[in-house]
Amino acid sequence: MPAAAGAPTPVLDPELLLDFFARHGRDLPWRHPSAGPWAVLVSEFMLQQTPVRRVLPVHQEWLARWPTPADLAAEPAGEAVRAWGRLGYPRRALRLHAAATAIARDHGGRVPSTVPELLALPGVGEYTARAVAAFAFGAREPVVDTNVRRVLDRAVRGVDSIREPAVAADRRDLAALLPVEPARAARFSAAVMELGALVCTAAAPACDRCPLVARCRWYRAGRPAGTARRPVQTWHGSDRQLRGRMVAALRAERAGVAAAELLLLGDDRDQARRCLAALIADGLAEQDPDGRVDLPR
DNA sequence: AACACGTGGAT
DNA sequence: TATCCAAGTGT
């Protein structure tokens with residue numbers, strides 16, 4: 001240990017990470033100084049399990065059409081689902097609409113700035129609440145997504161992780177590494193996230209381009225393989241596939257679709273009935289007395 | 001805690 | 001072609 005310094009340099013050295021972020025961080029719309037909390041919140045919903053490239057155009061359309069939470073809340077939830085396009089997980093559109101409604105009703109139309117208030121919004125979990133608090137309001141909160149979790153696992157813990165939602169221990173560990181100054185801490189989280197997205201990727205990490213390679217415990221251990229993943233559900237013939245087809249049909253038809261027509265989209269009659277009922281139960285579809293189905297009003 | 005929940009690009 | 005997986009949340 002150096003005689004002059006009190007603590008050893010951490011693996012996730014803020015100096016190295018912030019320099020990396022300044023040089024290589026992507027110029028994304030929700031990172032612009034002009035992007036307000038609403039633009040950040042919308043981006044975080046869209047980015048849940050969805051790549052940046054596909055979010056970009058839809059985010060731009062949403063902000064142009066609904067510049068404030070109240071603008072979105074003033075329209076039927078079905079319009080949010082329709083404008084969601086093919087981003088996937090359309091229930092996110094429903095929850096974002098519900099969040100906008102709660103913001104308009106309970107927060108005077110302003111996106112709240114504290115983690116507890118954000119957590120109370122529909123569709124906002126442990127990750128999104130801290131991402132908005134940090135990136136939109138400059139709060140000193142540990143922001144741990146799948147990228148940050150992977151960097152923590154590899155660089156700090158020396159193991160390769162399977163992809164799972166971050167846990168409290170991950171947030172605690174990152175919190176211990178945050179710079180003291182809040183705005184700098186927020187940039188630090190964004191920098192770790194960016195490193196995971198651009199360099200320390202899941203499948204093909206580019207250690208030769210990593211600013212942390214000299215300290216990385218995983219690299220120094222010879223990049224040991226991670227544990228096996230849980231088996232994934234087959235896609236062909238799944239409920240998810242059929243639900244996707246049904247919602248796509250509803251998005252395309254402003255006048256609604258006959259229930260019988262939706263049921264034809266599946267190979268299995270019982271499965272189709274079950275999926276349609278589930279969509280209605282989830283609030284992604286509504287059925288009128290004639291049996292006509294539409295996106296929610 | 002384990003699952004369900006969409007989509008499309010990369011390998 | 002099959003599998004992985006990308007800024008998670010709710011149950």
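Within every chain, numbering begins at 1; the chains are lettered A, B, ... in the order of the sequence lines, protein sequences first and strands thereafter.
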inquiry  = Regarding D13(A) and R215(A), does a basic nitrogen lie under 4.0 Å from an acidic carboxylate oxygen?
reply    =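 Looking at R215(A) together with D13(A), the answer is yes, because their closest N to O distance falls below 4.0 Å.
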
query = Below 4.0 angstrom, N of the basic side chain to O of the carboxylate: do D153(A) and R217(A) qualify?
reply =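 Looking at R217(A) together with D153(A), the answer is no, because their closest N to O distance does not fall below 4.0 Å.
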
query = So, R26(A) side chain and E194(A) main chain: donor-acceptor pair closer than 3.5 Å or not?
reply =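 Checking the backbone N and O of E194(A) against the side chain of R26(A), no donor-acceptor pair under 3.5 Å is found.
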
query = Can you name the side chain to side chain donor-acceptor pair (under 3.5 Å) partners of E44(A), sequence neighbours left out?
reply =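 Once residues adjacent in sequence are excluded, the partners of E44(A) under the side chain to side chain donor-acceptor pair (under 3.5 Å) criterion are Y127(A).
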
request  = Quick one: do E181(A) and R140(A) satisfy side chain to side chain contact (heavy atoms under 4.5 Å, CB included)? Show the steps, please.
outcome  = CA-CA 8 Å; E181(A) 203 269 305; R140(A) 188 173 181 275; over 6 Å; no

Taking atom [atom1] in both [N] and [M], what distance in whole Å separates the two?
N      : M       : atom1 : value
dC4(C) : dC3(B)  : P     : 16 Å
dA2(B) : dA7(C)  : C1'   : 23 Å
dG6(B) : dT11(C) : P     : 14 Å

Output the rounded distance in Å from [atom1] ([X]) to [atom2] ([N]).
X       : N      : atom1 : atom2 : value
L87(A)  : dC5(B) : CG    : P     : 19 Å
D239(A) : dG6(B) : CG    : C1'   : 13 Å
L276(A) : dC5(B) : CG    : P     : 14 Å
H236(A) : dT7(B) : NE2   : P     : 15 Å
M46(A)  : dT7(B) : CE    : C1'   : 14 Å

task = Look at the aromatic rings of W66(A) and W62(A) and report parallel, tilted or perpendicular, splitting at 30° and 60°.
result =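 If you compare the ring of W66(A) with that of W62(A), the planes turn out perpendicular.
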
ask   = Which comes earlier along DNA chain B counting from the 5' end, the contact point of A204(A) or that of R240(A), where each point is its nearest nucleotide?
value =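 Going by which nucleotide is closer to the 5' end, it is R240(A).
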
task = If a protein heavy atom is under 4.0 Å from the base, mark B; if only from the sugar-phosphate, S; if neither, -; do that for nucleotides 6-11 of chain C going 5' to 3'.
result = BBBBS-

task = Quick one: label D282(A) by what it contacts on the DNA or RNA (base, sugar-phosphate, nothing), any heavy atom closer than 4.0 Å.
result =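 D282(A): no heavy atom of the nucleic acid under 4.0 Å.
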
